[in-house]
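In what follows, chains carry the letters A, B, and so on, assigned in the order in which the sequence lines appear, proteins first and then strands, with residues in each chain numbered from 1.
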Amino acid sequence: MGEQVAAAVRVRGLVKRYKEVEAVRGIDLDVVPGETFGFLGPNGAGKSTTIKILCTLVEATEGTAQVAGFDVARDRDAVRRRIGLVFQEPTLDAYLTGEQNLRFHGELYGVDRSTAAARREEVLQMVGLWDRRRDAVQTYSGGMRRRLEIARGLLHSPQVLFLDEPTIGLDPQTRASIWEYIRELHRREDITVFVTTHYMDEAENCDRIAIMNEGRIVALDTPEALKRAIGKDRVVITTDDDGAAIASLREQFEIEAAVHEGAVSFAVTDGAAFVPQLFARLDVPIHSVSVTRPSLDDVFLAHTGTTIRDAERGGGNPFAIMARGR
Amino acid sequence: MTTEVAAVRIPAGGLRHELRAASVVWQREMIRFSRDRARVVSSLVQPVLFLFVLGGGLSSIVQAGTGSVDFKTFLFPGVLATSVLFTAAFAGISMVWDREFGFLREMLVAPVSTAAILTGKCVGGATVATLQSLVLLALAGTVGVPYDVVMLLELVGLLFLMAFMITALGLLLASRVKTIQAAMPMVQLIITPLMFLSGALFPLSGLPGWLTVLTHVNPMTYAVEPMRSVVFARLDTDAATLAAFDPGIHWGDYRVSLGLQVLVVVLACLLLLTAAVARFARTE
């Protein structure tokens with residue numbers, strides 16, 4: 001693996017248009033070799049389309065993308081040999097055993113036979129499935145299947161591992177364990193991980209994240225820096241009359257508040273110090289108050305003006321449905 | 001746990017890699033076939049019904065016109081072809097299941113050509129179908145077909161070739177059908193007519209004009225007819241019986257030779273496979 005690679009992923013002016021929808025609206029991106037790069041955004045933000053372009057599954061309408069130093073459009077097979085893929089949807093043969101699925105993959109990718117068996121054992125050990133290798137995949141749980149897919153994605157020693165929503169549909173405990181494996185990866189492999197998720201809390205596991213909304217990257221930095229840039233705490237209150245509360249906040253404090261997920265929400269510099277003033281001066285009875293340090297949800301809110309859940313629920317984005325049907 | 005990384009090397013492409021990919025796709029078909037006993041048994045029921053029930057039932061009324069040959073003997077190569085037809089068509093259409101359960105994507109995103117994957121699938125379907133037909137071949141003696149080693153080998157070869165063609169056709173159909181529910185009507189619509197219009201169940205002699213045209217454009221006819229010729233060459237019959245039951249294929253006044261018939265099947269294999277590759281390469 002003596003190749004010199006400047007950037008693990010390099011994207012310039014990427015655009016993808018489907019008949020009526022512009023799924024990706026011109027994005028630029030550089031992923032450094034060895035980092036875990038998170039790609040965040042609500043369903044339908046264009047994450048999956050972008051990842052499919054990077055994996056050579058979909059052709060871009062405009063712009064260029066290089067992965068592991070090769071152009072995804074011109075050097076398709078060179079890119080494919082250097083990337084591992086774990087999709088949202090399962091892609092295992094449930095009738096085969098775990099090991100047979102890996103063997104199939106190794107042959108398909110032309111893995112050197114002298115090292116293939118040792119490599120199979122290694123990746124199966126890594127995801128804790130070595131003891132179950134002779135069982136048919138149909139006897140595996142959802143979490144085990146996802147782990148097997150990750151092991152398979154690593155089998156051919158890729159330089160970049162793409163994980164498209166690797167934790168979707170899994171329970172919180174299994175989600176946490178999948179991230180455990182992803183972190184463990186970096187200790188064992190010389191690899192770049194490119195992961196998409198719409199769970200904001202999961203993005204804390206990434207070295208850097210890009211937040212995508214409606215086809216554009218709206219923020220890109222380390223999770224810490226993004227949160228620091230917000231600079232404000234989030235205050236969420238429940239009241240008798242949300243409309244009156246918002247009006248009163250504007251009048252008394254010159255604060256712009258909005259209703260998100262059924263509660264009035266706004267940002268202030270020092271949340272803890274603000275609460276006593278709030279009770280003293282707000283005209284509307286308050287039922288509850290919570291003050292939180294900025295989270296990535298707030299980062300998303302600050303950059304898009306909506307919470308990630310509202311963005312997903314919100315109509316007017318036909319692409320969300322389209323992307324899933326694809 | 002070890003800390004050492006057993007990084008593996010992947011050599012760049014080439015024919016050897018393509019062959020490995022095709023071969024592992026073939027192996028997967030074999031593994032799945034060996035696990036699926038129900039499929040093995042069920043696919044044998046229909047041809048046995050055709051041979052002994054249809055053949056037995058009709059032989060009493062057609063006996064008058066068959067001279068020295070039992071109707072079941074006539075039917076034997078046709079029933080062999082029919083059994084292979086359904087197994088191979090299913091093997092090709094199984095790609096719809098692979099799509100539904102996501103495994104198609106695992107195959108199509110690999111750094112190999114779609115042609116290698118589909119070729120492996122075709123050879124796999126042909127192997128499975130031919131293996132199943134061996135059970136029927138073993139019954140040859142019960143319907144008056146001699147156990148001639150060369151004939152049996154010729155039949156196996158022809159069955160394999162035909163099964164390859166039909167699997168390729170199944171793949172082409174699978175590229176158009178996106179759901180499992182739509183796959184079965186496809187079999188009824190495309191595969192069943194292929195059987196009836198191939199001369200597998202009745203002789204090609206003395207057919208009405210429209211039926212003659214349809215049987216002659218059906219590639220399966222060119223796979224069934226050589227099998228019948230191979231069998232009839234070993235039977236002790238008179239010229240009149242031969243003319244009625246194994247009349248051969250005629251393009252106008254030209255009697256198509258056995259070699260040309262096989263060539264038609266080979267060309268159909270290539271054409272169908274190429275079309276399927278073009279369609280699958282475009283689906284993602």
Side-chain angles (χ1 to χ4, degrees), chain A residues 1 52 55-59 76-83 85 87-97 100-101 103-123 125-126 128 136 138 149 152-158 184 187-191 326, chain B residues 1-39 94-95 97-114 116-117 120-121 124 178-179 281-284:
Chain A
M1 309 237 284
K52 277 176 185 158
C55 299
T56 77
L57 294 179
V58 168
E59 276 177 45
R76 203 192 67 170
D77 282 359
V79 170
R80 287 181 174 192
R81 273 193 285 277
R82 288 165 180 82
I83 60 174
L85 298 171
F87 298 105
Q88 276 181 48
E89 311 84 16
T91 61
L92 297 163
D93 185 339
Y95 290 99
L96 299 185
T97 67
Q100 282 171 336
N101 268 287
R103 218 184 67 75
F104 186 93
H105 184 88
E107 290 294 301
L108 216 50
Y109 279 71
V111 170
D112 194 343
R113 282 204 182 120
S114 61
T115 47
R119 180 65 181 167
R120 276 204 298 276
E121 175 168 0
E122 185 173 53
V123 293
Q125 295 276 19
M126 191 189 297
Q138 54 191 347
E149 297 223 30
R152 189 180 61 181
L154 292 169
L155 186 75
H156 53 286
S157 297
E184 171 74 13
R187 284 194 281 279
R188 300 168 135 262
E189 313 260 327
D190 183 15
I191 198 168
R326 200 160 285 277
Chain B
M1 282 206 167
T2 55
T3 47
E4 198 180 322
V5 176
V8 290
R9 281 178 305 112
I10 303 188
L15 185 63
R16 222 179 78 90
H17 179 193
E18 299 282 314
L19 286 175
R20 272 181 79 180
S23 146
V24 81
V25 172
W26 174 81
Q27 283 175 43
R28 171 171 175 259
E29 296 298 310
M30 294 303 109
I31 292 169
R32 295 196 60 156
F33 172 65
S34 66
R35 298 239 172 111
D36 201 353
R37 300 274 148 73
R39 204 171 112 198
S94 73
M95 205 65 138
W97 275 257
D98 285 343
R99 188 206 309 277
E100 186 95 353
F101 298 114
F103 201 72
L104 176 64
R105 178 173 263 185
E106 153 76 356
M107 294 192 271
L108 291 185
V109 299
V112 287
S113 66
T114 310
I117 288 161
K121 199 89 182 167
K178 304 291 178 199
T179 63
R282 239 182 302 141
T283 22
E284 265 303 337

> What are the two closest heavy atoms between Leu96(A) and Arg32(B), and how far apart are they?
Replying inline: CD2-CG, 4.4 Å
> How close do Val24(B) and Arg103(A) get, heavy atom to heavy atom, and via which atoms?
Replying inline: CG2-NH2, 4.3 Å
>> Counting heavy-atom pairs under 4.5 Å with chain A, which one of Ala21(B), Ala110(B), Ser23(B) comes out on top?
In response: Ala110(B)
> With respect to chain A, which residue among Val25(B), Ile117(B), Asp98(B) yields the maximal number of heavy-atom pairs within a distance under 4.5 Å?
Replying inline: Val25(B)
> Checking side chain to side chain contact (heavy atoms under 4.5 Å, CB included) for the pair Glu107(A)/Gln27(B): CA distance, chi angles, key distance, verdict?
Replying inline: CA-CA 11 Å; Glu107(A) 290 294 301; Gln27(B) 283 175 43; 5.7 Å; no
> Can you name the one residue among Arg82(A), Arg76(A), His156(A), Arg81(A) that meets side chain to side chain contact (heavy atoms under 4.5 Å, CB included) with Pro111(B)?
Replying inline: Arg81(A)
> Given that the side chain runs from C-beta out, which part of Gln100(A) has a heavy atom under 4.5 Å from chain B: side chain, backbone, both or neither?
Replying inline: side chain
> What part of Leu108(A) is in contact with chain B, defined as an atom under 4.5 angstrom from a non-hydrogen atom: side chain, backbone, both or neither?
Replying inline: both
> If you draw a 6.0 Å radius around OH in Tyr95(A), do more than 12 non-hydrogen atoms from other residues or ligands fall strictly inside?
Replying inline: no
Would you give the length of the straight line joining atom [atom1] of [X] to atom [atom2] of [Y], rounded to the nearest 0.5 angstrom?
X	Y	atom1	atom2	answer
Met107(B)	Thr91(A)	CE	OG1	10.5 Å
Ile31(B)	Thr97(A)	CD1	OG1	7.5 Å
Leu57(A)	Leu108(B)	CG	CG	9.0 Å

> Within 45° of the ring axis of Phe87(A) and under 6.0 Å from its six-membered ring centre, is that where the NZ or CZ of Arg105(B) lies?
Replying inline: yes
>> Once ring pair (Phe, Tyr, Trp, His ring centres under 6.0 Å) is applied, do any residues pair with Phe103(B), and if so which ones, sequence neighbours excluded?
In response: Phe104(A)
>> Suppose we screen for salt bridge (Lys or Arg N to Asp or Glu O under 4.0 Å). Which residues come up paired with Glu106(B), at least two apart in sequence or across chains?
In response: Arg152(A)
> In terms of heavy-atom pairs under 4.5 Å, which option from Glu59(A), Glu121(A), Arg113(A) contacts chain B the most?
Replying inline: Arg113(A)
